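Throughout, residue positions are numbered sequentially from 1 according to the sequence presented. Note that ligands are numbered from 1 as they come in the structure, with each ligand's atoms numbered from 1 the same way. Every value quoted in this text rests on a predicted model; they were computed, and no experiment measured them.
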Amino acid sequence: MATVNASSTCAEVLANARRVVIKVGSSLLADAQTGVLRHDWMASLAQDLAALSRVDTEFLMVSSGAVAIGRGALDFPDGALALEQKQAAAAVGQPILAGAWARAFAPLGLVTAQALLTLEDTEDRRRWLNSRATLEALLAQKAVPIINENDTVATDEIRYGDNDRLAARVAQMSGADVLILLSDIDGLWSADPNRQRDAHHIPFVAELSDEVMAMAEGPNPGTNLGSGGMITKLMAARMAVQNGCAVILSSGLYDHPIKALMTGAQATLFAPSASITDARKGWIAGAIKPVGAVHVDAGAVRALGTGASLLPVGMTACTGDFTRGDVLAILDTTGKEIGRGLAAYSANEATQICGLRSKEVEQKLGYSARAAMIHRDDMVLLNKDKDQ
Ligand code: GLU
């Protein structure tokens, strides 16, 4: 991927892409009232993507819509559904969705594949590698992976809930260089243009700073049917860019949305920051829900900044029921997350050794132990803009 900067266009970024993930939101796919699929729109998107693949750009699709389609088919009332109703709706809607995509791509000579993932498939390193191998095998055969969360089995505590972050994880898993989040808004705005007359469209985001994240207070796309809003889109964008993947947030409200991007439609382009070049560290940083957290003192924050491992002496507390190897959030004295890493001790052990020096750790636990709570090789500091 060539360098992306403020003068880059979405068309150039797409033309240079080797592998693209396209996330399609529920509100684009299904009628808000009836849940009936928009087959013509799907066919137009399939045609655009087939055109990409003719120039050797591989693509994967993350498609929402299972719940939206299923709730119509099951005659569930409008409004929020209970978890088991969502699961039931997804069980009905998912096969209809997968069938519709298969029919959209078939006339173009492309075979589709349904891949349903749960949070555990992306958060457990072994399952992550297995899922990745399957996606690679599909792409090698020029099949189109159509990915969704396995909503029928995913329960609240262990689900993504929105497909934006799932799409960012899929982009990372597949080593994509572009992630397109197709939604019902033409990108990021400084504030909600429907409510604030001076709101302006942001065509390019060099860095997803806190100031940019605060713009998510603005328009909230996809609220009718889907689960994501602007905030999940920006969180997804942040996950993707830190793994070197450019992100395009654009509208899918009209037919041929990718062709429109290629011909200059308004959108927001997020530059890849490539701050994490190590794939394993990228996986740690992108963890959706760290299993626990470790609070550290000011001295430890400084030491981590110079590349040191996190030692028990720098820990003030830890929370969560984690075991060795789980992803932990590292929190500073104000409770702000400053990094992530893999636990070298279980929660039970970690609680006992908070604030202890190495010798004391050994005495306390009664066995010769690892020096670090989180080794520097297993750690990623967030908002650090150089290679780690
Ligand atoms: N996985 C959900 C579905 O297929 C959608 C989640 C979302 O709206 O982002 O219905």
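Between L37 and A100, the shortest heavy-atom contact is CD1-CB, 3.5 Å.
Under the rule for a ring pair (Phe, Tyr, Trp, His ring centres under 6.0 Å), H39 has no partner lying at least two apart in sequence or in another chain.
Contacts with ligand 1 closer than 4.0 Å are made by side-chain heavy atoms of N148 only, the backbone lying farther away.
Atoms of ligand 1 lying under 4.0 Å from at least one heavy atom of N163, given by number and element, are 1 (N), 6 (C), 7 (C), 9 (O). Each of the following atoms of ligand 1 lies closer than 4.0 Å to a heavy atom of V67: 3 (C), 10 (O).
In terms of polar-atom proximity, D164 is not counted as a contact of ligand 1, lacking any N or O under 3.5 Å from an N or O of the ligand.
At least one heavy atom of G65 sits closer than 4.0 Å to an atom of ligand 1.
Residue pairs meeting the salt bridge (charged side-chain N to carboxylate O under 4.0 Å, His left out) criterion with at least one partner in residues 362-371, sequence neighbours excluded, are absent.
L331 and I374 fall into different hydrophobic clusters, where Ile, Leu, Val, Met, Phe, Trp and Tyr residues are linked whenever their side-chain heavy atoms come under 4.5 Å apart, directly or through other members. L119 and L135 fall within the same hydrophobic cluster, defined by Ile, Leu, Val, Met, Phe, Trp and Tyr side-chain heavy atoms under 4.5 Å apart, directly or through other members.
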